[in-house]
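Reviewing the structure listed below.
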2 protein chains.
Amino acid sequence: MANIPPATVARLPLYLRSLASLPSDRPTCSSEELAQIAGVQSAQVRKDLSLVGLRGVRGVGYDIDGLRLQLTRLLGLDHEVRVVIVGAGNLGRALADFAGFREWGFTIVGLVDNDPAKIGTTVAGVPVNALSDLDRVVGDGEVSIGIIATPPGAAQDVAQRLADTGIRSILNFAPTVLRVDGIEVRRVDLSSELQILAHHLHGPGAL
Amino acid sequence: MANIPPATVARLPLYLRSLASLPSDRPTCSSEELAQIAGVQSAQVRKDLSLVGLRGVRGVGYDIDGLRLQLTRLLGLDHEVRVVIVGAGNLGRALADFAGFREWGFTIVGLVDNDPAKIGTTVAGVPVNALSDLDRVVGDGEVSIGIIATPPGAAQDVAQRLADTGIRSILNFAPTVLRVDGIEVRRVDLSSELQILAHHLHGPGAL
DNA sequence: TAGATTGTTAATCGATTAACAATC
DNA sequence: TAGATTGTTAATCGATTAACAATC
């Protein structure tokens with residue numbers, strides 16, 4: 001496999017989810033149907049599926065079950081994926097209890113924080129560990145993804161610690177540009193999202 | 001103004017934030033310095049700033065205060081921006097208390113939910129209103145941005161209601177493709193982010 | 001066969017990067 | 001002047017879309 005364009009990879013979860021909205025009485029669907037549900041062009045769907053090696057049948061469409069199976073496999077969701085969340089503030093705790101993660105087979109093995117008042121408690125069944133125990137939590141749990149939900153000042157240090165434990169990927173909610181080698185980092189910048197929306201309030205179409 | 005490329009708009013919050021990391025003893029900074037902090041190429045910085053009409057001085061750099069002022073204005077953060085959050089679950093409540101929003105001048109005027117047990121309470125000083133009061137909350141508050149933090153099944157209905165109140169933009173945390181006209185929608189898809197990271201666990205560089 | 005729909009090519013569009021003349 | 005750094009052009013790269021021959 002390999003060398004799937006990033007833009008295509010980013011749409012695979014959308015396609016996988018869109019399959020759930022398909023009428024269940026038919027074995028196949030067309031790229032046009034999938035496109036409607038996903039909110040993209042049908043040519044985009046065909047191109048993306050083709051790029052990841054998924055083929056349909058001309059005149060018929062794509063096999064829904066096959067698509068589901070292969071997309072799940074491509075996204076690595078056919079194995080359990082274990083996740084640790086660093087930062088047990090409001091956001092970290094909300095993420096620990098986020099139904100959407102479990103739904104796709106992600107397991108939150110633990111929260112990590114440096115506040116003694118939080119350590120030892122549990123949030124939605126997830127234990128809160130000391131930051132000094134990060135190594136143990138990640139090592140014991142075969143954790144491959146770390147989520148950073150700390151204040152901005154702590155994020156870089158936490159990222160390096162996560163990297164040192166041998167974690168493979170980081171999802172960063174702190175508004176901090178992380179510098180870590182050999183690790184894939186994705187950033188979710190909540191304030192930026194609002195700011196981008198705010199920009200458009202004054203653009204064309206403003207009151 | 002107008003017609004700034006979306007990719008450029010999306011980086012303006014990053015530049016604005018990066019200014020805060022600059023040494024405060026100098027009045028100017030170079031595109032190279034800013035690029036380092038923001039984690040992008042210096043040519044990108046120059047191009048972006050040029051595209052939004054911000055100019056530096058050759059051989060000298062950009063005026064830091066001027067940059068901060070103009071970026072703030074461009075992003076519409078020189079006025080208070082009022083926001084309503086629909087959905088007072090874990091995520092909605094975490095967002096209501098999210099420091100990063102207030103920091104940039106966003107005001108959360110209210111949470112909205114349909115759970116009688118939650119209505120009338122407050123979260124981080126933000127009152128929880130009945131969904132049936134959405135109109136009043138948005139209307140009274142001159143709210144321009146709505147955040148959707150509901151379960152997926154409720155998101156489309158909420159989006160339409162928000163549109164009907166005359167809101168201008170929506171930030172959608174529900175894993176739902178929204179169909180609303182004349183409104184800017186941005187999506188933050190937490191499960192997708194993890195799934196994209198999960199995909200790369202098996203790509204090149206996998207153990 | 002006729003109708004439907006894929007898979008792929010080529011065209012277009014947009015974003016990034018390199019390079020360098022302009023100029024402080 | 002010499003050194004630094006912008007602002008912009010052109011080159012490159014990547015993503016999207018249109019179009020249609022292939023084919024079920």
Side-chain angles (χ1 to χ4, degrees), chain A residues 1-15 18-19 22-23 26-67 70-71 74 177 192 196 199-200 203, chain B residues 1-15 18-19 22-23 26-67 70-71 74 177 192 196 199-200 203:
Chain A
M1 92 184 70
N3 273 23
I4 306 170
T8 293
V9 173
R11 276 186 298 267
L12 298 182
L14 177 62
Y15 296 147
S18 298
L19 291 176
L22 243 25
R26 277 174 302 115
T28 64
C29 68
S30 67
S31 58
E32 184 57 39
E33 284 176 286
L34 211 43
Q36 290 281 337
I37 296 168
V40 302
Q41 300 289 328
S42 64
Q44 180 99 267
V45 171
R46 290 197 299 278
K47 180 123 252 241
D48 284 336
L49 294 181
S50 168
L51 280 167
V52 300
L54 298 177
R55 2 233 73 222
V57 177
R58 288 165 138 104
V60 177
Y62 298 86
D63 178 68
I64 296 177
D65 287 339
L67 230 45
Q70 294 303 314
L71 286 174
L74 272 163
V177 176
S192 285
I196 294 165
H199 162 77
H200 290 283
Chain B
M1 94 183 70
N3 274 25
I4 305 171
T8 294
V9 172
R11 275 187 299 267
L12 298 181
L14 177 61
Y15 297 147
S18 297
L19 291 176
L22 244 23
R26 278 174 301 113
T28 64
C29 67
S30 67
S31 59
E32 184 55 40
E33 283 177 286
L34 211 44
Q36 289 282 336
I37 296 169
V40 301
Q41 300 288 328
S42 64
Q44 179 99 266
V45 171
R46 292 197 297 280
K47 179 123 254 245
D48 284 336
L49 295 180
S50 168
L51 280 166
V52 301
L54 298 177
R55 2 234 72 220
V57 178
R58 287 165 139 104
V60 177
Y62 297 86
D63 178 68
I64 296 177
D65 287 340
L67 229 47
Q70 294 302 314
L71 285 174
L74 272 162
V177 177
S192 285
I196 295 165
H199 162 77
H200 290 284

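Note on naming: letters A, B, ... go to the chains in the order of the sequence lines (proteins, then strands), and numbering restarts at 1 for each one.
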Interatomic distance, B:I64 atom CD1 to B:L22 atom CG [nearest 0.5 angstrom]: 4.0 Å

Non-hydrogen atoms of B:T28 and B:D63 that approach each other most closely: CG2-CA, 4.2 Å

Close side-chain approach of A:V45 and A:V40, heavy atoms under 4.5 Å: yes

Nucleic acid contacts of residues 54-67 of chain A, taken as heavy-atom distances under 4.0 Å to DNA chain D: A:V57, A:R58, A:G59

Start and end of the DNA chain C segment that chain B contacts, any atom under 4.0 Å from a heavy atom: C:dA15 to C:dC24

Which atom of A:L67 lies closest to which atom of A:C29, heavy atoms considered: CD2-SG, 4.5 Å

Quiz: residues 46-56 of chain B side-chain donor-acceptor pairs under 3.5 angstrom, not counting sequence neighbours:
residue	atom	partner	partner atom	Å
B:R46	NH1	B:S31	OG	3.0
B:R46	NH1	B:S42	OG	3.4
B:D48	OD1	B:T8	OG1	2.7
B:D48	OD1	B:R11	NH2	3.1
B:D48	OD2	B:R11	NE	2.6
B:D48	OD2	B:R11	NH2	3.3
B:D48	OD2	B:Y15	OH	2.6

A:P6: partners by side chain to side chain contact (heavy atoms under 4.5 Å, CB included), with sequence neighbours left out: none

Nearest non-hydrogen partners of B:L34 and B:S18, listed with the distance: CD1-CB, 4.0 Å

Heavy-atom closest pair, residues A:A38 and A:L14: O-CD2, 3.6 Å

Within-4.5 Å side-chain heavy-atom neighbours: A:P13 and B:I196: yes

Donor-acceptor pair, side chain of B:E33 and main chain of B:S30, under 3.5 angstrom: yes

Pair assignment for DNA chain C - dot-bracket with | for other-strand partners, Watson-Crick or G-U under 3.5 Å: ..||||||||||||||||||||||

Nucleic acid contacts - residues 31-46 of chain B versus DNA chain D, non-hydrogen atoms under 4.0 Å: B:S31, B:R46

